[in-house]
Amino acid sequence: MFGFIGRRLVACLVLVAVIAGITFLLAFSGTSNVARNLLGESATPDQLAAKNAELGLDQPLLAQLGTWAGHAVRGDLGISWFTNEPVAQAIANRLPVTLSMVVLAVSLTALISVGLGVAAAVRGGWLDRVIQVLSVAGFALPNFWVALVLVVFFSVTLGVLPATGYVRLSESPGSWAAALVLPVVSLVIGSTASAAQQVRGAVIDVLRQDFVRTLRARGISPRSVLFRHALRNAAIPALTVLSLQFIALLGGAVVIEKVFAIPGLGTLTVNAALQGDVPVLMGVVVTLVVLVVIVNLVIDVVSGWVNPKVRVQ
Amino acid sequence: MLEARNVVVEYAGRGWRSNGFRALHDVSFDIKPHETLGLVGESGSGKTTIGRAILGLVPVGSGSIRFDGRELIGMPRRERRRLSDDIQVVFQDPYSSLNPSMTVEDILVEPLVARRTVDRRQASVRVRTLLDQVGLPHDAVHRLPREFSGGQRQRIAIARALALRPKLIVCDEPVSALDLSTQARVLDLFISIQEETGVAYLFISHDLAVVRHISHRVAVLYRGDIVEYGDALDVTERPDHPYTKRLLMAAPIPDPDRQAARRQERRDLLASEAIA
Amino acid sequence: MTARKVFRNPLAVAALVILLVIVLASIFAPLVAPHSPTALRLDKINAGPGSGYLLGGDGAGRDIFSRLLYAGRNTLTGAVIALSVALVLGVVSGLLSGYYGGLLDGVLGWGANLLMALPTMIVLLALFQALGSSIYLAMVAFGVMLSPGFHRLVRSQVMAVKHELYVDAARVSGLSDPRIIGRHVLLVVRAPIVIQAAVVAGIAIVVQSGLEFLGLGDPGTPTWGGMLQDAFTNIYTSRVAIWWPGLTIALTVASLVLLGNAIRDVIQRTERPRKPPKPPELVPATPDADELPLLRITNLTVGYPSSDGYREVVHGVDLDVRHGEVMGLVGESGSGKTQTAFSVLGLLSPGGTLLGRSSIAFDGTELARLPESERRSLRGRRIGYIPQEPMSNLDPCFRVGEQLVEPLRAVSGLSKQAAVAEALHLLERVGIPDPRRTFAAYPHEISGGMAQRVLIAGAVSGKPDLLIADEPTTALDVTVQADVLELLRGLQTEFGMAMLLVTHNFGVVADICDRVAVMQDGRIVEVNDVRPLFASPQHPYTQTLLGSTLEDSTPRTRLEVNHA
């Protein structure tokens with residue numbers, strides 16, 4: 001088991017390094033206008049050159065990557081070109097906001113989709129049809145549009161929930177929750193619909209296996225067959241689905257934050273993208289990839305624990 | 001005609017640290033024209049690997065396989081492909097050995113066209129001859145494999161193997177997936193085709209009774225080694241090697257009294273082995 | 001052929017029509033649109049629908065309807081770009097990966113994993129300026145990030161096809177690799193690719209709209225996402241404007257998905273009969289006055305729902321199994337022997353139903369009309385079951401021991417300690433050399449022969465009166481089969497169990513059975529004690545079967561002379 005985790009850990013580190021490297025090379029290859037953007041049209045060539053030297057942009061691209069990586073491994077992700085705020089700090093301030101939204105959404109997705117998926121697999125009938133329709137709808141309705149519709153209905157028309165603004169949990173738990181209801185709901189609708197469909201498929205596959213008949217022939221109760229055996233076997237495909245949903249929700253959160261004006265990582269990224277604030281963008285990408293990799297690693301380990309056969313493969 | 005000397009096959013292990021698995025160590029045998037060599041063994045004995053090695057579907061570690069005097073091992077792929085005129089195959093599973101989305105005609109024409117021996121019109125004449133040979137009706141040509149029973153599918157596979165008039169057909173458990181009555185009919189088809197065309201068979205099976213029925217000579221494989229090799233009658237009735245004896249004793253006879261006797265014989269054999 | 005079946009699905013036809021209308025309207029936008037997409041009219045700012053503008057005006061006083069049509073061109077082009085890039089990259093790499101495997105597969109697979117770990121939206125944002133602030137270039141990048149979906153799909157399909165024997169056969173026939181890929185492999189992966197493409201096109205539309213909604217993209221060209229952004233800014237003055245682009249996106253994407261689903265349903269034939277017909281009431285069986293054997297099956301008829309009522313697979317079988325005897329049920333595939341055995345267990349595959357006057361009397365209890373909960377209390381306790389395939393009948397997630405202990409506790413109500421001790425004892429009884437090690441092993445760590453012994457231990461753990469054995473030795477090697485038959489015989493005498501043994505092998509029948517029933521096409525054609533059945537089979541079918549055994553055939557003799 002430890003060998004298994006160790007191998008995965010090394011693979012993950014390599015993965016993060018490669019993604020960071022490629023993104024850096026792509027992102028920093030288009031920085032010729034940065035100095036002009038920062039200093040304005042009136043800047044003299046000398047001023048521009050000085051600015052470039054200050055930002056390190058006069059160095060060869062690979063040298064820039066080396067310098068950046070050297071700092072990055074020590075947790076220093078550089079300084080924003082436009083706000084002069086340390087990137088690591090900017091991210092640290094905003095990550096909890098986004099994470100609380102995404103974690104809440106993933107947890108709800110897991111709960112609802114497993115419940116719905118299992119029920120549809122076992123009962124079939126109308127519930128099955130509902131899930132099928134929901135999964136198409138959930139896929140076809142962009143979550144930011146769902147968010148807009150929710151805003152129109154609950155905030156603009158009814159006025160029961162805030163359309164914008166974010167309150168820290170420490171300031172007022174009630175307002176924090178109220179501010180998160182609509183964003184989380186708009187994220188959960190889409191992800192639940194597709195996850196429930198896939199959980200349903202996984203459970204149906206397991207229930208068709210030979211060993212389920214044998215377990216029943218041994219006099220094991222249907223409850224135990226379903227909850228002890230079928231769910232454990234279906235857990236691996238279900239966990240994979242949830243890890244993919246987690247990645248998708250991180251992306252979804254960016255757009256949702258814009259709708260609800262939530263000061264999270266998404267808003268930081270969108271502003272940085274519009275300005276061309278490359279150090280911030282690099283920092284965000286690396287942070288999120290590390291996050292994704294950690295989640296995948298945890299899922300791998302849990303899968304190996306649930307079904308030891310996975311470890312061998 | 002075919003001569004295998006000291007053939008060794010190893011499968012690479014998964015991952016770079018695990019050791020390979022040696023499926024065949026040092027196997028030698030030969031097949032004469034017009035004869036059937038039966039290859040019998042249990043799972044993991046390497047019997048299928050031998051067939052695949054001859055067909056060029058698994059890489060051979062060391063040793064030599066000569067066909068009509070030409071060395072097959074290390075032969076360039078292009079040249080190896082030309083050899084498909086002479087060496088053909090019938091697989092075990094009549095379901096996965098035929099492409100489900102191709103008609104019977106497409107399946108039978110494929111080897112002909114692949115070797116560019118004939119044009120399309122000649123090919124379709126040949127297809128009808130082949131269907132006659134394996135006892136299928138001509139209207140089978142436009143149908144899909146799934147419209148046929150297991151036994152009929154196996155007949156299609158035999159027709160495909162015969163298409164290029166090969167000198168040797170590797171038969172890998174060709175009747176194991178068939179029902180008892182179908183199995184007997186397909187075996188009889190194999191024998192009558194051999195008598196008609198003079199093709200040689202390497203007949204691989206786990207079933208001693210099947211191998212004895214069709215083979216002139218038999219080789220018994222056990223964990224990658226040939227442990228006994230000789231005339232069919234000798235090997236299947238008066239085996240020398242203890243494994244062949246065990247194998248023979250283990251196969252139940254469809255006769256309650258004789259089976260009771262064999263069962264007792266087997267117990268005695270196992271008991272005497274346990275003492276020795 | 002597939003296309004015709006897809007058109008029979010009304011939902012798929014509707015989806016196709018909607019897609020066609022949207023695509024055509026976008027292509028011919030200059031002809032269809034009543035206004036220029038950029039014409040501003042101050043009096044139409046945030047105007048409602050119908051006020052001269054069909055769907056109203058946007059925040060700058062432009063015609064929403066005309067803009068929707070023109071926007072369709074840009075958004076759909078973007079989606080096509082992303083889809084094409086993903087298709088080309090994913091399909092080619094998937095084919096190479098799957099067909100050649102090895103190092104190439106390792107490298108490409110790693111690349112795919114890398115792309116899958118990316119939060120796409122964020123990466124697109126990060127690269128937006130570097131890619132020249134063009135939404136089309138962003139969609140090229142997005143296509144690259146979508147390609148792993150195709151890569152994995154094609155690779156897994158190719159791997160599956162590659163191990164099909166017909167590909168080996170093609171290779172032996174002398175076909176070259178490119179021809180094999182073209183003829184055999186592409187044929188199979190074609191349909192799944194089309195289905196995946198529909199989904200990917202949908203994702204591309206949604207993500208592109210998301211980027212434009214965030215303000216990335218050219219403000220001069222109308223796009224569905226850009227229109228949503230405009231509507232969002234004016235949300236407090238005009239609430240309806242958010243509906244049009246949103247509904248257009250949803251309609252387009254939903255049509256794509258529905259079309260994909262319809263194609264998948266046709267290919268996988270998942271279409272079930274509309275509603276399984278209500279099974280006819282079982283006719284109450286007349287209780288027999290005679291002294292009942294342990295198991296008396298009368299008039300057993302098993303059917304599965306089909307398009308017109310029930311398709312029968314067993315037609316009125318009568319069979320007795322007496323206390324302590326081994327009854328062989330012999331037949332070829334499709335004879336209904338396994339269905340008969342599963343009926344006794346009450347574990348037919350979903351849909352399987354007992355019909356008509358079917359009656360299964362077990363020790364005086366009528367099973368055919370027993371509620372499921374009471375039937376369950378018989379299983380494992382009074383009726384045991386040994387399956388055919390040892391490996392697939394053990395739960396891969398649980399240790400062997402747990403799979404023995406759980407039923408022991410459920411059936412016999414033993415304490416955990418007592419159940420563990422009993423399980424170890426059973427493992428020893430079925431001839432497992434190191435019971436403790438096997439107890440702690442996972443199913444994939446033991447051999448097929450061992451797994452079958454474990455299953456036998458499980459089947460007898462409740463000390464049943466009747467053991468149903470469905471081809472218990474078919475998946476085993478001959479030498480292992482002989483051992484397992486010895487074991488079964490020993491257990492049967494020791495516990496005094498009756499056994500219903502399903503098999504196609506007359507050798508097995510001769511070895512272990514007291515009586516034999518021969519089945520053909522869902523009927524029993526002959527029942528007799530084992531000796532007379534072999535000595536003088538009455539029914540022609542039994543005669544054919546026994547005549548087909550090769551046991552007494554004489555081997556062919558060595559070819560002495562080489563024919564010229």
Side-chain angles (χ1 to χ4, degrees), chain A residues 15 18-19 23 26-30 136-137 139-142 144-145 148-149 151-152 156-157 209-211 213-222 224 228-229 232-233 247 250-252 254-255 258-259 269-270 272-274 276 278 281-282 284-285 288-289 292-293 296 306-309 312, chain C residues 113-114 117-123 125-132 199 202 206 209-210 213-216 228 231-232 235-236 239 242 246 249-251 253-254 257-258 261 345 347 376-377 379-381 384-385 387 389 392-398 406-407 410-411 442 444 455 458 461-462:
Chain A
L15 191 81
V18 170
I19 291 179
T23 314
L26 282 172
F28 277 80
S29 62
V136 174
F139 183 78
L141 302 174
F144 57 92
W145 185 62
L148 288 182
V149 173
V151 166
V152 166
V156 181
T157 308
Q209 308 258 327
D210 284 348
F211 69 79
R213 171 182 275 126
T214 302
L215 287 169
R216 293 180 60 199
R218 295 265 179 82
I220 303 221
S221 68
S224 171
R228 235 172 96 85
H229 297 274
R232 185 149 174 186
N233 276 280
I247 303 180
L250 277 179
V254 175
V255 197
K258 153 128 178 175
V259 174
T269 318
V270 172
L274 291 172
V278 183
L281 293 172
M282 264 314 291
V284 172
V285 168
L288 289 187
V289 169
V292 167
V293 161
N296 283 346
V306 168
N307 185 347
K309 220 172 154 179
V312 198
Chain C
N113 281 341
L114 185 143
L118 293 177
T120 43
M121 201 69 178
I122 307 272
V123 175
L125 285 174
L127 296 183
F128 189 70
Q129 295 236 333
L131 292 171
V199 174
V206 170
S209 304
F213 175 74
L214 290 176
L216 286 84
L228 270 178
F232 175 53
I235 200 161
Y236 283 94
R239 292 175 211 166
I242 64 158
I249 294 172
L251 214 56
V253 177
V257 176
L258 287 173
N261 286 356
L345 284 165
L347 294 177
R376 176 160 44 92
S377 67
R379 289 198 286 261
R381 208 160 295 170
Y385 165 63
E389 276 291 334
S392 66
N393 276 288
L394 289 169
D395 185 336
C397 290
F398 287 84
E406 189 189 0
V411 167
Y442 282 98
H444 70 272
L455 285 162
S461 66

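Below, chains carry the letters A, B, ... as their sequence lines are ordered, and counting in each starts from 1.
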Tell me, out of [options], who's got the most heavy-atom pairs with chain C below 4.5 Å.
{"options": "A:Val284, A:Val293, A:Thr269, A:Leu148", "result": "A:Leu148"}
{"options": "A:Asn296, A:Leu288, A:Val289", "result": "A:Leu288"}
{"options": "A:Arg232, A:Arg213, A:Met282", "result": "A:Arg213"}
{"options": "A:Ala137, A:Ala272, A:Gly251", "result": "A:Gly251"}
{"options": "A:Val156, A:Val285, A:Val152, A:Thr157", "result": "A:Val156"}

Closest approach of [X] and [Y], non-hydrogen atoms and distance?
{"X": "C:Gly215", "Y": "A:Leu274", "value": "O-CD2, 3.9 Å"}
{"X": "A:Val292", "Y": "C:Ala117", "value": "CG1-O, 3.3 Å"}
{"X": "A:Leu141", "Y": "C:Ala250", "value": "CD2-CB, 3.4 Å"}
{"X": "A:Ala273", "Y": "C:Leu216", "value": "CB-CD2, 4.5 Å"}
{"X": "C:Ala126", "Y": "A:Leu281", "value": "O-CD1, 3.5 Å"}

Just how far is it from atom [atom1] of [X] to atom [atom2] of [Y], taken to the nearest 0.5 Å?
{"X": "A:Lys258", "Y": "C:Phe213", "atom1": "NZ", "atom2": "CZ", "answer": "6.0 Å"}
{"X": "A:Ile220", "Y": "C:Glu406", "atom1": "CD1", "atom2": "CD", "answer": "3.5 Å"}
{"X": "A:Thr23", "Y": "C:Leu118", "atom1": "OG1", "atom2": "CG", "answer": "7.0 Å"}
{"X": "A:Phe139", "Y": "C:Leu258", "atom1": "CZ", "atom2": "CG", "answer": "11.0 Å"}
{"X": "A:Trp145", "Y": "C:Ile242", "atom1": "CH2", "atom2": "CD1", "answer": "7.0 Å"}
{"X": "C:Leu114", "Y": "A:Ile19", "atom1": "CG", "atom2": "CD1", "answer": "4.0 Å"}

Non-hydrogen side-chain atoms of [X] and [Y] separated by less than 4.5 Å:
{"X": "C:Leu394", "Y": "A:Phe211", "answer": "no"}
{"X": "C:Pro387", "Y": "A:Asp210", "answer": "no"}
{"X": "A:Leu250", "Y": "C:Ile122", "answer": "no"}
{"X": "A:Ser221", "Y": "C:Arg376", "answer": "yes"}

Taking the six-membered ring of C:Tyr385 (Phe, Tyr or Trp), confirm whether the NZ or CZ of A:Arg218 is under 6.0 Å from its centre and within 45° of its axis.
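No, a cation-pi geometry is absent between A:Arg218 and C:Tyr385.
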
Give, as side chain, backbone, both or neither, the part of A:Val259 having an atom under 4.5 angstrom from any heavy atom of chain C.
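Looking at A:Val259, backbone and side chain both touch chain C.
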
Atom group of A:Val255 that falls short of 4.5 Å from chain C, counting heavy atoms
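For A:Val255, the contact with chain C is made by backbone and side chain together.
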
When only pairs under 4.5 Å are counted, which of C:Pro119, C:Gly384, C:Ala410 shares the most heavy-atom pairs with chain A?
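Top count of heavy-atom pairs under 4.5 Å with chain A: C:Pro119.
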
I need the residue from C:Leu127, C:Asn113, C:Leu251 with the largest number of non-hydrogen atom pairs under 4.5 Å to chain A.
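Maximum pair count with chain A is reached by C:Leu127.
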
Which bit of C:Val411 comes within less than 4.5 Å of chain A, counting heavy atoms only: side chain, backbone, both or neither?
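Contact with chain A: side chain only.
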
Donor-acceptor pair between C:Ser392 and A:Gln209 side chains, under 3.5 angstrom:
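The answer is no; no qualifying pair exists.
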
